[in-house]
Number of protein chains: 2
Amino acid sequence: MQRKDYYAGNDKMYVATDCIVFGYSTDCLQLLIFPRKVEPHKGEWSLIGSFVKEDEHVRDAAERVLKEITGLDKVFFEQLKTYGDVDRDPGARCISVAQYALIRLGETDRKLVEGHGAYWYKLEDLPSLVLDHDELVRDALNELRRKARYQPIGFELLPEKFTLPQLINLYEVIYQKKLDPRNFRKKILSLKVLTKLDEKDKSTSKKGAYLYKFNREKYHQLLESGYHFEL
Amino acid sequence: MQRKDYYAGNDKMYVATDCIVFGYSTDCLQLLIFPRKVEPHKGEWSLIGSFVKEDEHVRDAAERVLKEITGLDKVFFEQLKTYGDVDRDPGARCISVAQYALIRLGETDRKLVEGHGAYWYKLEDLPSLVLDHDELVRDALNELRRKARYQPIGFELLPEKFTLPQLINLYEVIYQKKLDPRNFRKKILSLKVLTKLDEKDKSTSKKGAYLYKFNREKYHQLLESGYHFEL
DNA sequence: TATATTAAATGTAAACCGTACATTTATATA
DNA sequence: TATATAAATGTACGGTTTACATTTAATATA
């Protein structure tokens, strides 16, 4: 960068980004962690993260490191918040912009992930993590649940074509509780943001379940018309 | 700071915090802005902000600068999000952690504020601001409205004792629309988080309006019992 | 002391939405 | 043709939101 630095004299510091990467499988949410590669606390379990480079957008830094480890592009990403404690990182003054991601777990990713020394852990048997990362995970989980109530982010975690039973299961995993399939259907269909297809997925039953697509256009129309979306 | 820097070799950058300071008066929301003191864009309208120091919590930096300009301590503060574009600030690579604040406007503050060259502007006749600050304001306003729906942040903007007409007015100002006083009363009273006092405020009518206090304890009980608070 | 004025306080009926709950349907396989 | 399995569907009740008009308390004034 060759622009003039007008701000010389003020303090600079490290800016990191940490990614809370949730993986969805049909029975539970999982979290991607790996053994920290640098001192201090080298070898302890950590979220995936990276320092932000001077010529790099904070978001791009997160995408870069996630791509590196999972091979995934175009992942659903959302900023959580920035952790700014002076002593949060004993390695140096370093603030962290936390961002959470949602990924559908498939066999393909798993190998690449393990090749990088990372692992998927079920949320319920997560080990304790380095620095303030336990707090980041707690906050991200709350935010994920909050967000899932008001925005259809669940769709990011399903294939383009999905069945209603799959969708219900997803919300059950996120909320960690059983939902009534009749009421769930009624609610979600009343929003008119799903398009029913003429195909069935017969992989889980003899009868087969109709496939649906999420209609982003209708969803945005709904939002813009001031509708207060809630699941 | 004398701890060892384990991270030498990675990039450092400036970290700023910008404050979107909302002021509430009975007829409208206002925003605190001031002419930027440093190049580039010196003299143009800007949010109040500061560089975060190496030994300072990001939140403390915001409190410091706000105290300096308004004289106010213990202001309601909430982190909005972090703006991380590489080129957002032509002065240097600088990310900004935006935080918004809510202040009740009183004559006392106004003088101190003006002594620092800052001004309260009504939202509707806000001039355009420097860098990405227009975007920050837009985002903060959305977040404020969203938050006001789900959390009683409005109470931060009223004196400890307030009347229901005052509370209604506050929400009308935040949402920019008229609310039905009968339904509003019914709703807010049904939550049982207000304590009715035996005093009246007679400054706006002959009859006088009963004063109420916000009961934080009951509010937290409500939240912890899993209640989904909504106004 | 009676009357007028002003803002605060109150109630009710209809529409709507969330919830609880049990049966029928479509298809593959035995 | 019967059986087994998961998908799909409907209804009645209770609570909440909404729309809407009158009464009340207190001061000021005639």
Side-chain angles (χ1 to χ4, degrees), chain A residues 26-27 145-146 148-150 152 154 158-159 161-173 175-213 222 225-231, chain B residues 26-27 145 148-150 152 154 158-159 161-173 175 177-213 222 225-231:
Chain A
T26 51
D27 48 337
R145 293 201 175 123
R146 198 193 62 72
R149 277 187 77 105
Y150 304 115
L158 291 174
K161 297 176 182 181
F162 53 87
T163 66
L164 289 187
Q166 283 178 308
L167 186 62
I168 294 173
N169 174 266
L170 169 61
Y171 276 89
E172 287 177 336
V173 167
Y175 294 139
Q176 314 250 63
K177 73 171 182 187
K178 278 278 161 204
L179 300 174
D180 183 301
R182 289 162 290 189
N183 294 337
F184 185 89
R185 271 163 195 272
K186 211 190 315 172
K187 178 80 189 181
I188 194 88
L189 291 176
S190 76
L191 297 173
K192 308 253 168 100
V193 294
L194 298 188
T195 308
K196 188 176 186 176
L197 304 178
D198 248 349
E199 297 171 69
K200 282 186 162 186
D201 167 25
K202 295 196 176 162
S203 63
T204 54
S205 79
K206 291 157 186 170
K207 182 177 178 180
Y210 280 104
L211 287 163
Y212 288 80
K213 267 178 150 171
L222 202 61
S225 74
Y227 186 85
H228 176 63
F229 196 95
E230 181 163 352
L231 272 178
Chain B
T26 53
D27 48 337
R145 294 202 175 121
R149 276 187 79 105
Y150 304 115
L158 290 174
K161 297 174 182 184
F162 54 87
T163 66
L164 289 187
Q166 282 177 308
L167 187 61
I168 294 172
N169 174 266
L170 170 61
Y171 276 89
E172 287 178 337
V173 167
Y175 293 139
K177 71 171 183 189
K178 279 277 163 207
L179 300 174
D180 183 302
R182 291 161 289 188
N183 294 336
F184 185 89
R185 272 164 193 270
K186 211 190 316 170
K187 176 82 190 181
I188 193 91
L189 292 176
S190 76
L191 296 174
K192 306 252 167 101
V193 294
L194 298 187
T195 309
K196 189 177 187 176
L197 304 177
D198 248 350
E199 297 171 69
K200 281 185 161 186
D201 167 25
K202 295 197 175 160
S203 63
T204 54
S205 80
K206 292 157 186 171
K207 181 178 178 180
Y210 281 103
L211 288 163
Y212 288 80
K213 267 178 150 171
L222 202 63
S225 73
Y227 187 84
H228 178 62
F229 197 94
E230 181 163 352
L231 272 176

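- Comparing C/dA9, C/dG18, D/dA8 by their closest approach to the side chain of A/Lys187 singles out C/dG18.
- Applying the 3.5 Å distance criterion, the base of D/dT11 shares a donor-acceptor pair with the side chain of A/Lys186.
- Within the 4.5 Å cutoff, the side chain of B/Tyr212 has no heavy atoms near those of the B/Leu167 side chain.
- Candidate nucleotides C/dA7, D/dA8, C/dA26 were compared by shortest atom distance to the side chain of A/Lys200, and C/dA26 ranks first.
- Distance, A/Glu199 CD to C/dT27 P: 15 Å, rounded to whole Å.
- With hydrogens and angles disregarded, no donor-acceptor distance shorter than 3.5 Å links the side chain of B/Lys213 to the backbone of B/Lys196.
- Closest to the side chain of A/Lys206, from the set D/dT9, C/dT27, D/dT24, is C/dT27.
- With a 4.5 Å cut-off on side-chain heavy atoms, A/Lys200 and A/Lys207 count as touching.
- A straight line from CG of A/Leu211 to C1' of D/dA7 spans 13 Å, rounded to a whole angstrom.
- The interatomic distance linking A/Glu230 (CD) with D/dT17 (C1') rounds to 14 Å, in whole Å.
- Computed from coordinates, the B/Leu179 CG to C/dA8 C1' distance equals 17 Å when rounded to whole Å.
- Within the nucleic acid shown, B/Lys196 has no heavy atom closer than 4.0 Å to any nucleic acid atom.
- Closest approach to the A/Lys202 side chain among C/dA28, C/dC21, D/dA25 is made by C/dA28 (side chain taken as heavy atoms from C-beta onward).
- Sequence order on DNA chain D of the closest nucleotides to B/Asn183 and A/Tyr212 puts A/Tyr212 first from the 5' end.
- In this structure, of D/dC20, C/dA8, C/dA20, it is D/dC20 that holds the atom nearest to the side chain of B/Asp180.
- Between the C1' atom of D/dT22 and the CZ atom of B/Arg185 lies a distance of 14 Å, rounded to the nearest Å.
- For an aromatic pair to be called close, the ring centres must be under 6.0 Å apart, and B/Tyr150 with A/Tyr150 satisfies this.
- Residue B/Arg182 places none of its side-chain N or O atoms closer than 4.0 Å to OP1 or OP2 of D/dC20.
- The CG atom of A/Asp201 sits 14 Å away from the P atom of D/dA6 (whole-angstrom rounding).
- The aromatic rings of B/Tyr171 and B/Tyr175 lie tilted to each other, with the angle between the two planes from 30° to 60°.
- If you take NE2 of B/His228 and P of C/dC17, they are 16 Å apart, rounded to a whole angstrom.
- For the pair A/Leu191 CG and C/dC17 C1', the interatomic distance rounds to 13 Å; values are reported in whole Å.
- Within 4.0 Å (heavy atoms only), A/Thr204 reaches sugar-phosphate atoms of the nucleic acid but no base atom.
- Side-chain N/O atoms of B/Lys207 and base N/O atoms of C/dT6 include no donor-acceptor pair closer than 3.5 Å.
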